[in-house]
Amino acid sequence: MESPGSMTGSMSRTIKRINLTLITISILLVVLLIIGFVFARIFGVLLQVFFISIIVLASLLIVSTVMLIYALSTALRTFATVTDEVTPMLTSLQHSVEMISQSVEETTEVVKDTTKSASQTATTISSTTRMATQYAVGPSVRAVGFLVGGQQMLRVFLGKGRARRRYEDRRQQQMELIELNSNSKGE
């Protein structure tokens, strides 16, 4: 299948070839007419040749006029057919554009509503988080921190602080090692 560019080039070459052929035929006819008039003058029948030439030219003129009328009527039928085909296509295209435009407007409205709802939701969540932090989590954390700090302070004052616990843990480990060693030597 030929591409549109190569079809245009092919048609252009064909038209140039036809034009060249028509010009060549026209030149040959003119040369033949001149030669014919010269021979008609030599033989003394120039007036009859002129009359015959006028009749032939009139016949060609009538034929060419009929062909032009046919070409014009064909062109008008083609134009009417194209108009009949293009009008429904343009109507359909206009309807499609209107439908798309309406759909875009509806989608835009839905997106605006969704955006507004999402913004309100985000604001509500932010406010809820801030309120929970101020009134629930913050005081709870402070209270637990105060209790743990007080507990540690009591341990230190009562001698059960970290150092005391580490001392007790090391002493327990050493006792277990001594016991293990004495059991292994006795065996």
Is the shortest heavy-atom distance from the side chain of [X] to the side chain of [Y] under 4.5 Å?
| X | Y | answer |
| --- | --- | --- |
| L20 | R17 | no |
| E105 | T108 | no |
| V38 | I42 | yes |

[atom1]/[X] to [atom2]/[Y] distance, rounded to the nearest 0.5 angstrom?
| X | Y | atom1 | atom2 | answer |
| --- | --- | --- | --- | --- |
| T121 | K116 | OG1 | NZ | 13.0 Å |
| D169 | Q174 | CG | CD | 11.5 Å |
| E98 | I100 | CD | CD1 | 11.0 Å |
| R13 | I15 | CZ | CD1 | 11.5 Å |
| S101 | E106 | OG | CD | 10.0 Å |
| T114 | E109 | OG1 | CD | 11.0 Å |

Flag if over 12 foreign heavy atoms under 6.0 Å of CD, E179:
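No, not enclosed.
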Between P88 and E85, which heavy-atom pair has the shortest distance, and what is it?
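Taking P88 first and E85 second, the nearest heavy atoms are CD-O, 3.5 Å.
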Any chain of hydrophobic side-chain contacts (each under 4.5 Å) joining [X] to [Y]?
| X | Y | answer |
| --- | --- | --- |
| L32 | I54 | no |
| F43 | L46 | yes |
| L57 | L28 | no |
| L33 | F39 | yes |
| V45 | L47 | no |

[X] side chain to [Y] backbone, donor-acceptor under 3.5 Å:
| X | Y | result |
| --- | --- | --- |
| T87 | T83 | yes |
| T74 | Y70 | yes |
| S126 | A122 | no |

What do the steps show when you test L68 against L72 for side-chain contact (heavy atoms from CB on, under 4.5 Å), and what is the final call?
CA-CA 6 Å; L68 283 173; L72 182 63; over 6 Å; no
If the test is side chain to side chain contact (heavy atoms under 4.5 Å, CB included), which one of V56, I55, V49 qualifies with S53?
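Only one option passes, and that is V49.
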